[in-house]
2 protein chains.
Amino acid sequence: MVHFANYSEENYLKALYKLELRQVKKITNSAVAKALDLNPATVLEMMRKMEQKKLVELLPDKSIKLTEKGSKKALRTIRRHRLWEVFLVKKLGFTWNEVHDLAEQLEHIDSDELVNRLDEYLGFPPFDPHGDPIPDKLGKIKKQVAVPLTSCQQGPTYQVQHFAETSDAFLQYLGQVQIAPGSKIKIVGINAYDQSYSLQLGRRSVQVSEKAAANILVQPADH
Amino acid sequence: MVHFANYSEENYLKALYKLELRQVKKITNSAVAKALDLNPATVLEMMRKMEQKKLVELLPDKSIKLTEKGSKKALRTIRRHRLWEVFLVKKLGFTWNEVHDLAEQLEHIDSDELVNRLDEYLGFPPFDPHGDPIPDKLGKIKKQVAVPLTSCQQGPTYQVQHFAETSDAFLQYLGQVQIAPGSKIKIVGINAYDQSYSLQLGRRSVQVSEKAAANILVQPADH
DNA sequence: GAACTTTATTTGGCACACCAAATAAAATTT
DNA sequence: AAATTTTATTTGGTGTGCCAAATAAAGTTC
Ligand SMILES: [Mn+2]
Ligand SMILES: [Mn+2]
Ligand SMILES: [Mn+2]
Ligand SMILES: [Mn+2]
């Protein structure tokens, strides 16, 4: 074969889409490199190729933007990924935390017919096992709404979207506990005495007040 | 990723396995090249790498032989291929002639856990939609038995294995109609008057007597 | 057994997706 | 505004799989 479909390209598109979703202000080569664990030089090279293919625009301020075509393509891959995840959990009995890496492979299987039949077979599920919305055949996807951490359960991983407050004090506080847009958070427990939240961020444990938690807006992490 | 699992290697292993199954007397680089539609130089190069990895033996007479390790690995890929084919037909409603190319992609998804669960989900099917046996978890596969063309139906493609007669006259006859081990045959019809068989070989149509058909031993072509 | 034909191997190259190190440009600090 | 730090880009690689053309070896025919 030697030309392995669009394996890499699809991964770049997904990464870009997710950065845009996270409202990263300026999507740079290095941001993408970090997201995909690649060298910035590699990303730059690829971005130029993808610009040729009209999948991205490289703006004068060096930021990268998906074109309509690029977005559509990213959503097709995300659709596949999430539908395979549903299949693995619902039909093959995997648990939700086992399926991501497999879906990372399956998402690149190149056939719209296959994915549409899979969708039908699964009963057109609107969400994947992690709570993320599944784009439909036409690429329409439910807007992901960020919710305050106070309305979330223990267990799943959430990703910080933005904050409901912008005071210096709050932002400084966030810096202190190292919570930023993009951070992945698990709720470990809620203190029965003062309603404060015990959170897990990677290997770090932090404690935040209920007030703070109410201002942290998250959505289910899509893995 | 850049190191796409063992995509190519798996395809070489499958091709070698199938050539051995067809009892090709001497499996050469060019035979493999033809089977995979590659340049012989490419195959040679790959064979040397695979020899290093103890997947094949390169014999003094320049023939290629799978090692035990190589065979096992080939069978794992064949198992995946055939199970996915069953899935596509039984669960997603594809027809048996639509599934091969998809399975060609799916077979390279790297997870034993996945394929074993799929096997279970499908109820441990012994055969794929083309009638080929599916190796079990341990790589055990039912010996494929060749049957006379006279016991086959119209429609599916069969592959010639060997012949029940070895007379010069018969072999010469086969040469004339260009039927050889490995040939793919479809039965187009059986003449009601003399029981002769109308066969399709690629784009060639040939007519053989019932007597000849009885001596042509075939098995379902696995695509 | 010489000539020819076929098959195998070597050689040099290519595309893709990647990286590390050097340099250039931009942003930040002082 | 200089100096410093950070970020972006260029440059020169690498490994994997592939090919075409040249050469070498083996087989076949005469
Ligand atoms: Mn996932
Ligand atoms: Mn992926
Ligand atoms: Mn098949
Ligand atoms: Mn394959």
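Reminder, nothing fancy here: chain letters follow the sequence lines and each chain counts from 1.
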Check the distance between [N]'s [atom2] and [X]'s [atom1] and give it to me in whole angstrom.
| X | N | atom1 | atom2 | value |
| --- | --- | --- | --- | --- |
| B:Asn11 | D:dT16 | CG | C1' | 15 Å |
| B:Ile27 | C:dA8 | CD1 | C1' | 17 Å |
| A:Lys62 | C:dA26 | NZ | C1' | 9 Å |
| B:Leu38 | D:dC18 | CG | P | 5 Å |
| B:Lys53 | D:dT16 | NZ | C1' | 11 Å |
| B:Asp61 | D:dA26 | CG | P | 12 Å |
| A:Leu58 | D:dA8 | CG | C1' | 13 Å |
| B:Glu9 | D:dC18 | CD | P | 11 Å |

Which ones in residues 41-52 of chain A lie close to DNA chain D, meaning a heavy atom under 4.0 Å from one of its atoms?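 Contacting residues: A:Ala41, A:Leu44, A:Arg48.
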Taking for each residue the nucleotide of DNA chain D bearing the nearest heavy atom, is the 5' side occupied by B:Asp37 or by B:Lys26?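 Result of the comparison: B:Asp37.
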According to side-chain contact (heavy atoms from CB on, under 4.5 Å), who are the partners of B:Glu10, at least two apart in sequence or on a separate chain?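 Here the qualifying residues are B:Asn6, B:Thr77, B:Arg80, B:His108.
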Counting the atoms with a prime plus P, OP1 and OP2 as sugar-phosphate, which does A:Asn29 contact under 4.0 Å by heavy atoms, base, sugar-phosphate, or nothing?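 Since only primed, P, OP1 and OP2 atoms lie under 4.0 Å of A:Asn29, the category is sugar-phosphate.
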Does a salt bridge link B:Glu45 with B:Lys49, judged by any charged N lying under 4.0 Å from a carboxylate O?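 Salt bridge flag = no for B:Lys49 with B:Glu45.
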Looking at B:Lys137 and B:Glu120, does any basic side-chain N land under 4.0 Å from a carboxylate oxygen?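 Looking at B:Lys137 and B:Glu120, the cut-off is not met.
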In Å, rounded to the nearest 0.5 Å, how long is the span from CD of B:Glu107 to CG of B:Asn11?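 Separation between the atoms: 5.5 Å.
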Looking at CG of B:Leu114 and CG of A:Asp101, how far apart are the two atoms once the value is rounded to the nearest 0.5 Å?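 The distance works out to 12.5 Å.
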Quick one: list whatever passes salt bridge (charged side-chain N to carboxylate O under 4.0 Å, His left out) with A:Arg117, sequence neighbours left out.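 Expected list: A:Glu113.
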With a distance cut-off below 6.0 Å to the six-membered ring centre and an angular limit of 45° from the axis, does B:Lys91 pair with A:Phe87 as a cation-pi contact?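 Verdict for A:Phe87: no cation-pi partner in B:Lys91.
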Has A:Tyr12 got a side-chain N or O lying under 4.0 Å from the OP1 or OP2 atom of C:dC18?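 Checking A:Tyr12 against C:dC18: at least one side-chain N or O falls below 4.0 Å of OP1 or OP2.
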Nearest listed nucleotide, side chain of A:Asn39, among D:dC18, C:dA20, D:dC19: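 The nucleotide sitting nearest to the side chain is C:dA20.
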